[in-house]
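Notes follow the structure.
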Amino acid sequence: MIARVTLEIALRKEFDYFIPPELADQVDVGSRVQVPFGSRKVLGCVTGLAEESAHATLKPILKVIGAQTLVTPKILKLARWIGEYYCCAPETALKSVLPEAVRHEQANWRERLHVRALPVTGELPKLPKRQMEVWRILEARPELPLSELLTLAKTTAATVRHLEDRGLVSVAAEISERDPYAREQILPTQPLPLNSAQAKALAAIISAMDGGPRPEAPRSLTFLLHGVTGSGKTEVYLQAIAHALEQGKGAIVLVPEISLTPQTVERFKARFSSGRLQTLVAVLHSHLSAGERHDEWHKIRQGRARIAIGARSAIFAPVEPLGLVIVDEEHEHSYKQEEAPRYHARDVAIVRGQMEGAVVVLGSATPSLESYYNCGKGKYTLLQLPERADDKKMPVVRIVDMRQTVRPGKAIPIFSPQLKEAIAQRVERKEQVILFLNRRGYSTSLQCPLCGFVAECPNCSVSLTYHRQENKLCCHICSHVAPVPTVCPNEKCRNPAIRFSGLGTQKVEATLVKLFPQARIVRMDSDSLKRKEDYRRILGDFRVGKIDILVGTQMIAKGLHFPNVTLVGIIYADLALHQPDFRAGERTFQLLTQVAGRAGRGDIEGEVFVQAFTPFHPAIQFARRHDFEGFYEQEIGFREQLKYPPAGRIALLTLKGRNEEKVKFSADYLKRELEKAVGDIKDLVIVGPAPSPLLRAETYYRYQIMLRAQRMAALSQRLALLIRSLTLPQDVSLAVDIDPVDLN
Ligand code: ADP
Ligand code: ZN
């Protein structure tokens with residue numbers, strides 16, 4: 001037999017290898033193998049088997065990694081789709097489907113030998129004293145780590161080997177498992193009685209699951225669950241998962257990295273920790289150690305965990321058979337991977353669901369325009385939970401027109417009188433406050449009012465942010481650090497009155513400390529979190545009331561549930577509006593709705609203050625009224641007019657290199673080639689080349705070309721062909737992003 005192997009080194013093709021007889025029963029499609037390549041040994045994945053090869057002399061496979069095939073045929077098929085749709089090399093697509101720790105099995109394999117008593121047929125042979133002692137110990141406990149057994153029996157491994165030779169025990173390598181949540185106690189929970197909206201949603205999902213896979217007549221297996229924050233979506237997920245388990249199937253739950261808190265994981269673990277549907281819940285996310293990730297993954301592969309919960313890459317979890325996929329907060333941009341393969345986990349979930357006949361439920365309080373549009377087209381079924389499950393009212397949202405707070409000659413205030421007053425009230429009443437500003441640092445720029453000099457990053461086309469604690473200037477793109485000048489660095493100016501302007505979370509915090517000296521104030525952004533436990537610790541402190549005011553970036557916007565928070569303040573709501581991106585309005589709407597949802601989750605009604613310089617912008621006004629449909633209607637009109645997603649599809653081609661002229665020249669060349677290769681596609685629009693909104697990042701100049709088309713599949717196929725035939729200068733690279741979410 002011949003194995004076709006896709007190697008991990010990027011070569012965009014399969015290579016044939018001969019399967020030596022001793023490995024014959026271990027090699028299958030999906031096996032991870034080590035093979036010789038030139039003088040090297042490289043890793044790869046068997047992506048096909050064949051009777052014969054066109055090549056006369058083949059080298060043999062050297063070894064097989066892992067006891068089970070690691071890439072199942074279903075996942076392999078999914079990886080193929082990713083390679084084709086997202087225009088990337090098959091080996092790049094394959095790489096993303098296995099966690100690093102699983103791909104490099106040997107390195108993290110923490111082996112321990114286990115001894116197990118085997119069933120004895122007939123009479124136990126007469127054994128020497130030592131061996132008998134070991135046997136007695138094993139009889140009482142069917143399996144023991146070798147080291148432990150040796151300590152108990154006060155003997156050496158040789159004794160155990162003799163028993164093994166007699167066929168009485170087996171000695172085998174087992175992986176000793178690491179459980180990242182082992183120390184936590186979990187109390188089991190029971191399903192809640194559902195309200196009518198929840199019951200209706202669940203019934204629809206269950207009936208689709210009961211239909212089973214019918215490949216000959218594909219019907220809608222995907223749903224969009226639109227429910228305001230606190231409407232009880234999670235309870236619907238839990239009961240739908242229970243149904244999958246009843247059917248003998250498993251489930252995957254995708255949660256954005258940032259919402260993947262122990263709190264979230266516990267809700268799933270607790271429900272399935274005991275009873276008839278008891279199963280392990282495996283957690284896959286980047287904060288686990290490599291070893292933990294390895295073990296969590298294998299729990300799924302071995303079928304011991306029927307539920308996989310994790311961020312983006314958990315969509316590749318080898319849950320089989322798969323009954324249900326849940327994508328919570330489906331509008332989140334973190335589902336898109338920003339390096340090759342540039343896949344979107346929500347879209348991969350839909351494709352995987354179709355391939356495996358699994359039901360897919362997308363959930364959100366602020367669905368993406370893409371998903372809502374698909375409901376309109378009849379692709380997804382819309383399920384709605386219009387009210388909070390816990391009978392809490394939606395918070396009152398007050399918009400503050402910041403233009404009225406500006407006084408000539410004075411700096412723009414951080415707090416309007418209204419917000420200041422509201423904070424004072426809460427501090428007085430011992431209720432909690434969340435203040436949100438999506439910009440970290442102290443001041444966002446350093447500028448000379450005389451000559452106009454602005455401190456910019458030498459590597460990127462952005463201004464440097466002032467960080468007061470460390471007293472330095474920082475680039476938020478490349479992390480470049482510079483000292484703070486005391487006079488204007490411009491030789492001809494040297495003005496000592498160089499000024500900071502623009503506002504970051506550090507300054508909000510500092511101002512609060514002055515205004516409310518009695519309050520306990522904590523800031524949470526990526527600067528204040530030095531270690532991974534900090535996030536949990538701060539949230540824990542906030543939960544138990546050790547913090548009065550929490551100031552932070554989008555880190556505090558999502559999914560957190562604190563009953564004592566009665567006030568949320570959004571410092572500058574329009575920050576995200578003025579980005580050169582057609583999704584700026586959508587993002588602002590989503591962010592405002594999410595942040596506002598943090599207020600009033602307890603017994604006291606919540607209040608939200610939104611400070612804005614463009615208070616009448618539709619994204620702000622619709623968010624104020626909690627009116628998603630209204631926002632959708634007006635936004636979709638604009639997208640349809642311009643053929644932006646979801647009314648059309650986009651591919652973004654970015655060229656980058658250190659020499660701007662070369663990058664520009666290559667972009668022009670690419671444009672000509674594109675016109676030849678795909679120019680005949682109906683309705684195709686080629687925009688550019690133009691400098692990327694962020695022209696320079698980490699010393700690289702970037703130019704982009706945007707392609708807009710009615711449909712993507714045909715375009716991405718032809719793009720893939722074109723890319724292979726391009727000859728770009730060595731120091732200019734091309735990135736292809738299909739359905740991009742970040743246009744920078
Ligand atoms: P979401 O996921 O939509 O934000 P959750 O599932 O977290 O909402 O529900 C919000 C709160 O309402 C939780 O405290 C949950 O326990 C409670 N809840 C959910 N469903 C019900 C129900 N049917 N009856 C009573 N309380 C419920
Ligand atoms: Zn920089």
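All values reported here derive from a predicted model rather than from experimental measurement. Start at 1 and go down the list; that is how both ligands and their atoms are numbered.
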>> Which of the numbered atoms in ligand 1 are under 4.0 angstrom from any heavy atom belonging to N195?
In response: 23 (N)
> Do other residues, nucleotides or ligands put more than 12 heavy atoms under 6.0 Å from the CD atom of Q621?
Replying inline: yes
> Numbering the atoms of ligand 1 from 1, which are under 4.0 Å from a heavy atom of V228?
Replying inline: 3 (O)
> When you look for heavy atoms under 4.0 Å from ligand 1, do you find them on the side chain of R388, its backbone, both, or neither?
Replying inline: neither
> Under 4.0 Å from any heavy atom of P193, which atoms of ligand 1 are there?
Replying inline: 22 (C), 23 (N), 24 (N)
> What distance separates K507 NZ from T444 OG1, expressed to the nearest 0.5 Å?
Replying inline: 9.0 Å
> Within H476, is some N, O or S atom less than 2.8 Å away from the Zn ion (ligand 2)?
Replying inline: no
>> Please determine whether any non-hydrogen atom of S231 lies less than 4.0 Å from an atom of ligand 1.
In response: yes
>> For the metal site, I want the angle between atom SG of C457 and atom SG of C478 with the Zn ion (ligand 2) at the apex, to 10°.
In response: 100°
> Side chains of Y237 and D328: donor-acceptor distance under 3.5 Å anywhere?
Replying inline: yes
> So which heavy atom on P740 is nearest to which on R583, and how close?
Replying inline: O-NH1, 3.1 Å
> Can you tell me if S461 uses its side chain to pair, donor with acceptor, with the backbone of R696 under 3.5 Å?
Replying inline: yes
> Of the non-hydrogen atoms in N490 and C451, which two are nearest, and what is the gap between them?
Replying inline: ND2-SG, 3.4 Å
> Within the structure, does G232 bring an N/O atom to less than 3.5 angstrom of an N/O atom in ligand 1?
Replying inline: yes
> If you measure from atom 7 (O) of ligand 1 to every heavy atom of K233, Q239, R267, which option wins on shortest distance?
Replying inline: R267
> Would you say the side chains of T699 and R658 form a donor-acceptor pair under 3.5 Å?
Replying inline: yes
>> Less than 6.0 angstrom separating the ring centers of H333 and H344, yes or no?
In response: no
>> I need the atoms of ligand 1 closer than 4.0 Å to a non-hydrogen atom of E235, numbered in the order shown.
In response: 6 (O), 20 (N)
> To the nearest 10°, how many degrees is the angle C460 SG to the Zn ion (ligand 2) to C475 SG?
Replying inline: 110°
